[in-house]
Amino acid sequence: MLKLAVGMKLLLYLLLPLILLASCSSTEEQSAESAILAAMQKQEEAWNAGDVHTFMETYWHDDSLLFVGSAGPVYGWQNTLDRYLKSYPDTVTMGKLHFDILQVKPLSSDHYFVLGEWHLSRTIGDASGHFTLVFKQVDGEWLIIADHSS
């Protein structure tokens with residue numbers, strides 16, 4: 001009986017660090033997912049206020065940012081902003097944006113994949129499609145480094 005108790009204690013001492021590590025990892029994933037969803041909400045709110053510049057704050061401010069839309073790839077934050085301003089010059093063309101997030105999946109501790117649908121309600125005709133995003137944690141902030149929207 002004593003050997004069984006000692007064996008159980010030993011097993012507990014061996015498993016406890018693994019259990020704690022798994023719970024920390026899960027908490028980190030929940031925290032990252034919450035931050036990413038908050039960033040997406042910020043984008044939606046900025047768009048619906050007609051504020052493309054605030055909408056763009058969620059994108060990585062770097063020349064390596066990749067945006068892929070119907071016209072093909074666009075590289076760089078400024079080029080992506082210019083594309084949005086050209087495609088959506090006013091609040092009528094912008095309409096009201098709504099995201100449906102279908103999946104948020106960790107790729108690594110500092111990279112996440114997001115799959116979703118976007119929908120614009122507009123007086124000139126609604127528009128909708130799908131998107132895939134890659135978020136990266138940069139200086140403690142979750143930013144979009146790649147966006148493929150169709």
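Just so it is clear, the structure is predicted and the values come from calculations on it, not from any experiment.
Taking hydrophobic clusters as Ile, Leu, Val, Met, Phe, Trp and Tyr residues chained together by side-chain heavy-atom distances below 4.5 Å, Phe113 does not share a cluster with Trp118. No continuous path of hydrophobic side-chain contacts links Leu102 to Leu97 [ILVMFWY only; heavy atoms under 4.5 Å].
A distance of 7.5 Å separates OG1 of Thr91 from CE of Met94, quoted to the nearest 0.5 Å. Once rounded to the nearest 0.5 Å, the distance linking OG1 of Thr58 with CH2 of Trp142 reads 14.0 Å. A distance of 12.5 Å separates NE2 of His130 from NE2 of His119, quoted to the nearest 0.5 Å. Going from atom CD of Glu33 over to atom CD1 of Ile101 covers 10.0 Å, rounded to the nearest 0.5 Å. Distance check: Tyr59 OH to Ile144 CD1 gives 4.5 Å after rounding to the nearest 0.5 Å. For the atom pair Ser149 OG and Leu133 CG, the distance stands at 6.5 Å (nearest 0.5 Å).
Judged by the 6.0 Å and 45° rule, Lys136 forms a cation-pi pair with Trp60.
The closest side-chain heavy-atom distance from Tyr112 to Val104 is below 4.5 Å. For the pair Met40/Gln43, a side-chain contact is recorded, criterion being any heavy-atom separation below 4.5 Å from C-beta on. Between Leu115 and Phe131 there is no side-chain heavy-atom pair separated by less than 4.5 Å. Looking at heavy atoms from C-beta onward, Thr132 lies out of side-chain contact with Val114 at the 4.5 angstrom threshold. The closest side-chain heavy-atom distance from Val92 to Ile124 is below 4.5 Å. Within the 4.5 Å cutoff, the side chain of Phe135 has no heavy atoms near those of the Leu143 side chain.
The two residues Arg122 and Gly95 come nearest to each other via the heavy atoms CG-CA, 3.5 Å.
Put simply, the side chain of Thr54 never gets that close to the backbone of Asp51: no donor and acceptor are under 3.5 Å apart. Side chain of Glu117 to main chain of Phe99: no donor-acceptor pair is present (N/O by atom type, distance under 3.5 Å, no hydrogens or angles). A side-chain donor-acceptor contact under 3.5 Å links Lys96 to the backbone of Asn48.
Looking at residues two or more places apart in sequence or on another chain, you find no side-chain hydrogen bond (donor to acceptor under 3.5 Å, both in side chains) involving Gln137.
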Which side-chain N or O atoms in residues 61-75 pair as donor and acceptor under 3.5 Å with protein atoms at least two apart or in another chain?
| unit_1 | atom_1 | unit_2 | atom_2 | d |
| --- | --- | --- | --- | --- |
| Asp62 | OD1 | Ser64 | N | 2.7 |
| Asp62 | OD1 | Ser64 | OG | 3.2 |

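Under the side-chain hydrogen bond (donor to acceptor under 3.5 Å, both in side chains) criterion, the residue pairs touching residues 99-109 are His98-Asp100, Ser108-Asp110, Ser108-His111, with sequence neighbours excluded.
Two rings, from Trp47 and Phe55, have their centers less than 6.0 Å apart.
Remark: the Gln78 side chain and the Asp82 side chain contain an N/O donor-acceptor pair separated by less than 3.5 Å.
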As a quick check of understanding, evaluate side-chain contact (heavy atoms from CB on, under 4.5 Å) for Tyr88 and Leu120, giving each step before the final call.
CA-CA 11 Å; Tyr88 300 97; Leu120 291 179; 3.8 Å; yes

